[in-house]
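Everything on this sheet refers to the single structure shown next.
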Amino acid sequence: MLVHLTGSTWSLGGDLVYMRKISHILHELGVSIARDWIETANHRHAVTKVPDVNLDMQSIFEENIRALKRADAIIMESTTYSFFQGYQLAETLRHKKPMLILSRYPIKGRIFYGIKSPFLTVKEYKTEDDLDEIVRAFISAHTIKNEDLQFKVSVGRQLYSYVSTISKESGRSPAEILTAMANEGFKRRILNS
Amino acid sequence: MKVHFITSRPTIEKHIEELRAVINAIENAGHSLAIDWIERAYRRQTEGTEPKANWTAIYRLNLEAIAKSDVVLAETSYDNFGVGYQIAFAVQQKKPIMLLRHEDVDDDAFVNGVEGGWIIHEKYNSQNLTSKVNKFLEDNDIKSKDMRFNFFIDRKIHNYLRWASLRTGKTKAEILRELVQHEIEEQSREP
């Protein structure tokens, strides 16, 4: 499983211990992180003290969006939230990917509290132990097991006849045809959302 | 045209004059705001009567405003979650967007990474703000753009359109519109 872990670089000092904890939990669970930026950003802020004005914000922006698109799920630390977190939330919902928003401040009354989506989980935490529980539950709920990727489909006589004909004409298996149809439907859903 | 104007709510009181200049430019050019929320928010902030925000309602209202707008203007000098969310939504909807940023603020902002054919970034000061807004509105005014045009086709396209029109019962214009719509959708699918 691939997860895009994101947060605010502005408040990395305060969030660092928690971001590291999330990374640690993900590694323990065998989950890969799509863009491992935390230690680099921390080194820049705390050690080399390179001002952010010298950064190529556009490429960082693009790298994050690419990471978001290839990830299976997104975890966002939002105790301090900013422009780019809002942007990434909208992009995640567009791509219909599961997202976990974490905050140490009470979530009630914060802007993302108003966004209702079946893909969105918003959780408040206080300690690293809370984080452990929340992140593990989120990953467990959204891990797609290999056996779940394969299942039997019962089709009606009409659909069977249609798929068989297309299969003979195109040389593709019925499973390939149904997968292509499902992909097409998914893309259309994203476009119309 | 309907214009949706996005700005950071917590900074309204501090920058009300610049925000008013943008609103005046929109209204003086004969356009209207999709939601006229800034003066209301300003009044509540200055009177200290701002109610607890109902984010579900605000979220829905803003997304509806973007959907019904012809263009979107955003003041992005201040890092704000809601502004980021709305801009992403407007980009997804392929609305013409002008991202305004005061020339005194630093360049280290993620908003500079937002790109697309319909998006323009503008730095402004109090002297040139109105003219920049006017130029954006003029460039995107649907009235000033050709919504109808003649075009020439060769025999092959003519035969195809006539055949498709007879077969589907649709007019040639409808078939062409569908082809263009299909092309837009195909392009949107590209990563």
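Because the structure is predicted, anything quoted here is derived from the model rather than measured. All chains are named by letter (A, B, ...) in the order of the sequence lines, taking the proteins before the strands, and each is independently numbered beginning at 1.
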K21(A) NZ: over 12 foreign heavy atoms closer than 6.0 Å: yes
Report all side-chain donor-acceptor pairs from residues 154-163 of chain A shorter than 3.5 Å, counting only partners two or more places apart or in another chain.
none

Rounded distance [0.5 Å steps], CD in E91(A) versus OH in Y85(B): 10.5 Å
Residues in side chain to side chain donor-acceptor pair (under 3.5 Å) contact with R44(B), at least two apart in sequence or another chain: none
Q92(B) side chain to A90(A) backbone, donor-acceptor under 3.5 Å: yes
Flag side-chain contact, heavy atom, 4.5 Å: N112(B) against F61(A): no
Spacing of CZ belonging to F110(B) relative to CD1 belonging to I65(A), to within rounding of 0.5 Å: 10.0 Å
Heavy-atom neighbours of K132(B) NZ exceed 12 at 6.0 Å: yes
K126(A), NZ atom: more than 12 neighbouring heavy atoms under 6.0 Å: no
For chain A, which residues of residues 6-22 of chain B have heavy atoms nearer than 4.5 angstrom: none
V91(B) portion near chain A, given a 4.5 angstrom heavy-atom threshold: side chain
Chain A contact via E115(B) - side chain, backbone, both or neither, heavy atoms under 4.5 Å: side chain
Heavy-atom check, side chain of F84(A) versus side chain of V114(B), under 4.5 Å: no
Atom group of A57(B) that falls short of 4.5 Å from chain A, counting heavy atoms: neither
Interface residues of residues 72-81 of chain A facing chain B - heavy atom cut-off under 4.5 Å: M76(A), Y81(A)
Same apolar cluster (I L V M F W Y, side chains within < 4.5 Å links), F119(A)/Y87(A): yes
Neighbour count >12 (heavy atoms, 6.0 Å) for atom CD, E133(A): no
Neighbour count >12 (heavy atoms, 6.0 Å) for atom NE2, H121(B): yes
Same cluster (ILVMFWY, side-chain, under 4.5 Å), I134(A) and M1(A): yes
W118(B) with V111(B), same ILVMFWY side-chain cluster at under 4.5 Å: no
Atom group of N80(B) that falls short of 4.5 Å from chain A, counting heavy atoms: backbone
Whether over 12 other heavy atoms sit under 6.0 Å from R60(B) CZ: no
Cluster check F152(B), I157(B): I/L/V/M/F/W/Y, side chain < 4.5 angstrom: no
Atom pair CZ/OG1 of F83(A) and T76(B) - distance to nearest 0.5 Å: 6.5 Å
K97(A) atom NZ, neighbour heavy-atom count above 12 within 6.0 Å: yes
ILVMFWY cluster, L179(B) and I153(B) together (side-chain gap under 4.5 Å): yes
